[in-house]
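A short write-up of the structure that comes next.
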Amino acid sequence: MFISPAYAQDAAGGAAGMVMQLAPLILIFVVFYFLLIRPQQKRAKEHRLMLGALKRNDRVVTAGGILGTVTKVKENSEEVELEIAPNVRVTVVRSTISTLLKPVAANDVKPAA
């Protein structure tokens, strides 16, 4: 006829117990977001901006590892023409370009005395 003390405690602490069970899952999701998802989104945004800013004479590396110089950028297309050797031109899909190589500054200046 009487409710045992164990059941009475469980009924009162049910909501707090549920939150304590979900807290590790929420914590894991937050850690995954900041360590994996957010940096990946940032890299994808930077890559999209880099592809949108391609211009003639940029040195690039394709996803296949081919080095080339951009000779023609088709504005309303996903195609870019690269020169991979003298007088050898290939057309590649813009999204296969993985890296834009920065020009290396020449070290010809005499050091100050």
Donor-acceptor list for residues 73-80 side chains, cut-off 3.5 Å, not counting sequence neighbours:
residue, atom, partner, partner atom, Å
K74, NZ, E79, OE1, 3.2
S77, OG, E79, N, 3.2

Report summary line: Contacts satisfying salt bridge (charged side-chain N to carboxylate O under 4.0 Å, His left out) that involve residues 81-98 (not counting sequence neighbours) are E81-R89
Query raised in the report: Is there any salt bridge (charged side-chain N to carboxylate O under 4.0 Å, His left out) pair reaching into residues 17-27, and which pairs are they, with sequence neighbours excluded?
Result: none
Can you list everything that forms a side chain to side chain contact (heavy atoms under 4.5 Å, CB included) with [X]? Sequence neighbours excluded, please.
X: F32; answer: I28, L36
X: S98; answer: V61
X: S95; answer: V93

**Report entry** Hydrophobic cluster of F29, others only, ordered by chain and residue number, side-chain cut-off 4.5 Å
**Finding:** none
Requested in this report: Give me the one residue out of D58, N57, V92 that meets side-chain contact (heavy atoms from CB on, under 4.5 Å) with V70.
Outcome: D58
Query raised in the report: Distance from R59 atom CZ to L100 atom CG, nearest 0.5 Å?
Result: 10.5 Å
Query raised in the report: If we only count heavy atoms from C-beta on, is the V60 to L82 side-chain gap below 4.5 Å?
Result: yes
**Report entry** Transitive ILVMFWY side-chain link V31 to L22, under 4.5 Å
**Finding:** no
Query - Qualifying residues under side-chain hydrogen bond (donor to acceptor under 3.5 Å, both in side chains), relative to K72, sequence neighbours excluded - result: none
Report task. Please report the shortest heavy-atom distance between I84 and I66, naming the atom on each side. Result -> CG2-CG2, 3.4 Å
Requested in this report: Kindly state each residue pair satisfying side-chain hydrogen bond (donor to acceptor under 3.5 Å, both in side chains) with at least one member in residues 35-50, sequence neighbours excluded.
Outcome: Q40-R43
